[in-house]
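Notes follow once the structure below has been shown.
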Amino acid sequence: MTQQFRITLLPGDGIGPEITAVAIDVLKSVGAKLDLQFDFTEALIGGCAIDATGQPLPAATLETCRQSDAVMLAAIGGYKWDSLPRAQRPETGLLGLRAGLKLFANLRPATILPQLIDASSLKREVVEGVDIMVVRELTGGIYFGQPRGVFAADGDQRGVNTMAYTGTEIDRIGRVAFEAAQKRQGRLCSVDKANVLEVSQLWRDRITALSQDYTDVELTHLYVDNAAMQLLRWPKQFDTIVTGNLFGDILSDAAAMLTGSIGMLPSASLGASGPGVFEPVHGSAPDIAGQDKANPLAQVLSAAMMLRYGLNQPGAADMIETAVDTVLNQGYRTGDIMAEGLTAVGCKAMGEALLKALV
Ligand code: IPM
Ligand code: MG
């Protein structure tokens with residue numbers, strides 16, 4: 001019997017629509033092969049939503065997402081909207097989506113593909129075999145803590161944000177991370193700034209206490225500055241990393257760049273229940289938008305993560321990941337990952353190659 005899934009598409013801005021088009025074709029083709037039917041509904045988020053409605057996350061978009069089985073987001077933002085007040089910025093829409101769907105767990109894998117080792121800025125022996133999963137807390141910490149704002153203070157101004165975590169928030173992201181580590185190599189590194197911040201001391205204490213429930217996982221702790229250094233020095237020491245919202249934002253970009261191109265990396269944002277959001281780690285690349293130059297592979301791999309983590313269809317996810325591997329082996333490269341002797345293709349042609357590679 002055909003299985004049906006309701007997918008909300010949020011193509012967003014910049015290169016978002018072109019890479020989404022490729023991912024839709026791939027999903028349809030996989031669906032036809034495996035008897036899965038995807039019902040796509042498109043909605044607005046980010047700059048395009050601001051232009052159409054004045055809001056970066058219209059209420060109708062959030063409602064459509066809530067009614068679906070999974071959400072596939074591409075990218076948001078662009079120069080045009082950069083100077084709007086904070087409440088009307090594209091980023092505020094994305095943060096509202098995360099909060100509105102209670103997506104507290106963000107999984108960001110950084111795996112180096114053997115075909116792309118030379119695209120990394122680090123030496124081959126340093127990056128070969130790197131396979132890291134960053135588990136980032138996504139709905140708390142300094143991104144959401146109160147008080148926040150810019151206040152008048154004694155004839156001066158004072159900008160304030162608050163880094164806060166409750167024990168409950170730490171435990172729930174901790175459990176996701178320990179469980180992820182159990183399915184990987186069984187090593188978890190918790191990253192904080194416990195030498196300076198009380199909130200980080202609580203983080204460390206709670207993660208340490210949780211480890212009693214996961215005796216098969218080897219837990220270590222690093223301060224965030226050292227973690228940044230270690231990621232560049234010897235990234236293979238890491239298996240699974242768990243950290244708060246801001247540190248995770250920064251470290252996941254660093255981990256992503258180990259692999260050579262941020263244009264290759266997917267992510268999953270999950271809550272305790274309800275639909276997850278699956279999106280590439282990269283941004284909307286307004287400089288190349290609409291020119292058929294974008295790399296659609298992170299979007300396509302996000303569709304694979306959606307199938308694996310959001311819709312429980314590991315076979316379909318495998319099929320997509322294998323196709324990505326195949327097109328890279330065949331030598332197809334978009335501009336961001338191009339190297340001598342290989343075949344330069346645009347976004348559409350990469351999509352066509354993927355469709356042929358799906359078996
Ligand atoms: C990310 C992005 C976002 C974040 C921005 C666009 C709000 O950098 O998803 O990592 O900081 O979380
Ligand atoms: Mg970021």
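Counting starts at 1 for both ligands and their atoms, following the listed order. Note that the numbering runs from 1 along the sequence shown for the chain.
The side chain to side chain contact (heavy atoms under 4.5 Å, CB included) test applied to D118 returns R124, not counting sequence neighbours.
Here I45 sits in one hydrophobic cluster together with L10, L57, L62, V71, L73, I76, L94, L97, L101, L103, V277; the rule is ILVMFWY side chains under 4.5 Å apart, joined directly or through other members.
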Trace of the side chain to side chain contact (heavy atoms under 4.5 Å, CB included) decision for L231 with I132 = CA-CA 10 Å; L231 266 177; I132 299 171; 3.8 Å; yes
key: Stepwise side chain to side chain contact (heavy atoms under 4.5 Å, CB included) check, S190 with L188   = CA-CA 6 Å; S190 173; L188 179 63; 5.5 Å; no
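Residue contacts to the Mg ion (ligand 2): D249 brings an N, O or S atom closer than 2.8 Å.
Linking Ile, Leu, Val, Met, Phe, Trp and Tyr residues whenever their side-chain heavy atoms come within less than 4.5 Å places Y143 and L270 in a single cluster.
Within the 4.0 Å heavy-atom cutoff, R108 counts among the residues contacting ligand 1.
For atom 8 (O) of ligand 1, the closest non-hydrogen atom on the protein side is D249 OD1, 3.2 Å. From the protein, the heavy atom lying nearest to atom 11 (O) of ligand 1 is Y143 OH, 2.5 Å.
Under a 4.0 Å criterion applied to the non-hydrogen atoms of E91, ligand 1 contributes the atoms 6 (C), 7 (C). Within the listing of ligand 1, atoms 1 (C), 4 (C), 9 (O), 10 (O), 11 (O), 12 (O) sit less than 4.0 angstrom from a heavy atom of R136.
At a threshold of 4.5 Å between non-hydrogen side-chain atoms, the residues D253 and I250 do not count as touching.
With a heavy-atom cut-off of 4.0 Å, R98 touches ligand 1 through its side chain alone.
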